[in-house]
4 protein chains.
Amino acid sequence: MADRPVFSYFYSMKNSAIGEKIIKTASKLFYSNGYNATGVNEIIAKCGIAKATLYSHFNSKEDICLAYLQQRHDAFLTSFKIYVPERKNGKEQLLAIFDFLTDMYRDGDFNGCWALKTLGELSPNQERIFAAIQKQKKEFLSYLGEIVVNNVVNVSKAEKEKISGGLYLLYESAITESHLFKNDWPIFLSKNIAPSIFERMELV
Amino acid sequence: MADRPVFSYFYSMKNSAIGEKIIKTASKLFYSNGYNATGVNEIIAKCGIAKATLYSHFNSKEDICLAYLQQRHDAFLTSFKIYVPERKNGKEQLLAIFDFLTDMYRDGDFNGCWALKTLGELSPNQERIFAAIQKQKKEFLSYLGEIVVNNVVNVSKAEKEKISGGLYLLYESAITESHLFKNDWPIFLSKNIAPSIFERMELV
Amino acid sequence: MADRPVFSYFYSMKNSAIGEKIIKTASKLFYSNGYNATGVNEIIAKCGIAKATLYSHFNSKEDICLAYLQQRHDAFLTSFKIYVPERKNGKEQLLAIFDFLTDMYRDGDFNGCWALKTLGELSPNQERIFAAIQKQKKEFLSYLGEIVVNNVVNVSKAEKEKISGGLYLLYESAITESHLFKNDWPIFLSKNIAPSIFERMELV
Amino acid sequence: MADRPVFSYFYSMKNSAIGEKIIKTASKLFYSNGYNATGVNEIIAKCGIAKATLYSHFNSKEDICLAYLQQRHDAFLTSFKIYVPERKNGKEQLLAIFDFLTDMYRDGDFNGCWALKTLGELSPNQERIFAAIQKQKKEFLSYLGEIVVNNVVNVSKAEKEKISGGLYLLYESAITESHLFKNDWPIFLSKNIAPSIFERMELV
DNA sequence: GATGAATGAGAGTTCATTCAT
DNA sequence: TATGAATGAACTCTCATTCAT
């Protein structure tokens, strides 16, 4: 893990070489062009495989979407969990998410948040995808909670949740708005505002 | 509706009665099911018009999308601009957006932000829609700036922008995340955090 | 009606020229190759129309099948109802169905009973088609009942039903088995056996 | 099974254990859902074997169909040949087929005649299956002829054929129509009509 | 001897759009 | 003006079959 780049979407791959290729290809297409706008024809063409081959690896396009979301989420959280402890305790760790996001933003293919993008496309009947996204965001929020616990002292549980929740909300805005404005000011503003939340609290 | 903005997609419509019906119908479908997942067949079926009639009012589905976004944006901003002055100056007006959002959230058809939802579906070639969304968000951000100007005194331009930008980011998160979690905690948390930004500043 | 051939499947056509063509084409294919073995691609190719054109006339392949069955049934019953009164009362009319069937058998494209063929292909979930076939057969059976009423006297209702039911069963076998054996012996045997049923009864 | 017919599709199977499982599984599916509507994927899934395993036992889906028909036919005729001699000579044996059918009808999975169902689906190029069905029906008809020979005396060959043919036709209707109407009246009516055929003949 | 992996062809259906009338 | 009719292209997904291992 050490030699790998700070952040990459393609950490945790399964065994199947073709399965990986499908996810990787679909991932790029879904992320850049949208889930509904991407057809399986496009995926198999880019993969150089037959349609039936794709469907022997995934039961449906929806399943590919779920794999895509899971894989991006895993890669994101795994990388972030490596990134955070490398920073100094206190403010540095609490604001780590914004610097991490800055790295993501600088990536040539940055396109906002994969999960929120997909969320926006969902019809009411696509409950599985909805549930997956919600679960992943809760996981992320939960990890932010851990960071707060590790870096803030003498505060109530409610105050801790205010901090982690606040960091979460500011991160979510930052990733979406930096994409929308094709500019990193939302990231810096979020990072700039965040400390107001834990201003009078005691950090480790 | 009395004082329409200088530019509106309504202007290009030949028969405003049918045109508005199309937008209204498409609006509901785009908002609840997504833009790409909504077909023109569904729109004309719900409208009870012929396909060629739709295409005599709009050049393309993309144009309907632009009209949809414009109309939602206009309605939103118009209502909000009526809502704000009715509140007490100072903190009340600065936090007005969150109470306004709470009302929106309580609406039975709440589904998050129409613009961000659409943004997530865009392919790189759909620049017109991208530009429209960006423009609308800038307009909203700009109005938040006006509110700040009217309710904060003795602060630098940079500090004003930090406030309006912060309110904007918190609002954007709040609308998306309350939809994602099907819960209004993100709205209340945003409202709760917002005052930290202008804590030491002088309000009118 | 007078100048038309004794029996034709294409009596009752709807207005739409293309709709007619689709049914007519599908009809031939379903009847000769089977319903499931016939693809919509084959139908549109033979029709010389686009796929979407087919689907603007019929909502599904199943609907085409229903139209096919209905049309064959209507043509059959209509022709038969013209055929019967032209024959002498009594035995002649009671056995008319077998002579009518002989004409059908001699048609170059004879392939057994369209309805029973389709019945055999049905999955448990294709209830609409099943119901349609059952209804049509009941209608036919009912008309055989009318013939019996008109040609037999002084017999109980039960005996009348035995005759019409018997004629029906013998007809159904005759059409299927003459197809299976590529020979008309089942038709002649059915016609030969039928009189045994009403042997001792009084005919008009 | 003790005295297998000279030719049986079972003979060509390499591993009869798996081969029989395939036929058994396919048999259920073909009979309840139709031949064309049943995919080999469904068969191997229910069998728990690999696709290549299936194709090492049968050269094609058509071959499985032939084995299915042969097996059903063998089981039917074998059982029936045990059933008949157990009944009293004369009318009882001549009408045995209808009581036998009543038992079949009462079975939970009754779905009409496997052979006629398949016959209805055939395209003109599926001659092997057509021939197999014809052969099996001839075999059945032939056995009905044996029954007649054993139970009717002093009648010409033609009259015997009229009886066996009549029984055959009434049976074929009865099995198909009881399925179509989901009611056993066609069986009882057939049994009721049959004696008219040999009414004046001398039984053993 | 059984399999996992792959495939070309085609299934039924819907897409956004156009055009003669 | 509004429409009915038509379309090529694309959609997601499944078919029966093969072959290297």
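Below, all heavy atoms of this structure are taken into account, side chains as well, without hydrogens, waters or symmetry copies.
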When rounded to the nearest 0.5 angstrom, what is the spacing between CD1 in B:Ile129 and CG in B:Leu69?
-> 6.5 Å
Stems of at least 3 consecutive Watson-Crick or G-U wobble pairs (donor-acceptor distances under 3.5 Å) involving DNA chain F, listed by first number, are E:2-21 with F:2-21
If you round to the nearest 0.5 Å, how far is NZ of D:Lys46 from NZ of D:Lys24?
-> 14.0 Å
No-hydrogen, no-angle side-chain donor-acceptor test under 3.5 Å, D:Glu62 and D:Gln126 = no
One should read off an interatomic distance between D:Arg72 CZ and D:Phe30 CZ, to the nearest 0.5 angstrom, of 11.0 Å
May I have the distance from D:Ile22 (atom CD1) to E:dG1 (atom C1'), rounded to whole angstrom?
-> 13 Å
Round to a whole Å and report the spacing from CG of C:Asp63 to P of E:dT14.
-> 11 Å
Can you tell me if A:Lys28 and A:Asn33 form a side-chain donor-acceptor pair at under 3.5 Å?
-> no
Nearest listed nucleotide, side chain of B:Lys61, among F:dT14, E:dT17, E:dA6 | E:dT17
Atom pair distance, as rounded to whole Å: CG in D:Leu29 and P in F:dA16 = 12 Å
Grab the CG-C1' distance between B:Asn59 and E:dA16 for me, whole Å please.
-> 13 Å
Selection: residues 44-54 of chain C, any non-hydrogen atom under 4.0 Å of DNA chain E = C:Lys51, C:Ala52
Rounded distance (Å) that lies between atom C1' of E:dG10 and atom CD1 of C:Ile43 | 14 Å
Any side-chain N or O of A:Asn41 less than 4.0 Å from the OP1 or OP2 oxygen of F:dT12?
-> no
State, without any angle test, whether B:Gln136 and B:Gln70 hold a side-chain donor-acceptor pair at a distance under 3.5 Å.
-> yes
Close side-chain approach of B:Glu127 to B:Leu122, heavy-atom, < 4.5 Å = no
Atom CD1 in D:Ile22, atom OG in D:Ser27: separation rounded to 0.5 Å?
-> 13.0 Å
Length of the CD-P vector between B:Glu42 and E:dT13, whole Å | 18 Å
Looking only at side-chain N and O atoms, does B:Tyr55 come under 4.0 Å of OP1 or OP2 in E:dT17?
-> yes
Identify, between B:Thr38 and C:Ala37, the residue whose nearest nucleotide on DNA chain E lies closer to the 5' end.
-> C:Ala37
Exam field: side chain C:Glu121 to backbone C:Gly34, donor-acceptor pair closer than 3.5 Å = no
Quick one: which of F:dA16, F:dT14, E:dA2 gets closest to the side chain of D:Val40?
-> F:dA16
Out of curiosity, D:Lys117 NZ to D:Asn111 CG, how far, rounded to the nearest 0.5 Å?
-> 4.5 Å
5'-most contact on DNA chain E: B:Asn36 or C:Tyr35, nearest heavy atom basis?
-> C:Tyr35
Phosphate OP1/OP2 of E:dG1: any D:His57 side-chain N/O under 4.0 Å | no
Please give, in whole Å, the distance from E:dA2 C1' to D:Phe58 CZ?
-> 15 Å
If you check the C:Ser60 side chain, which of F:dT12, E:dA16, E:dT13 turns out closest?
-> E:dT13
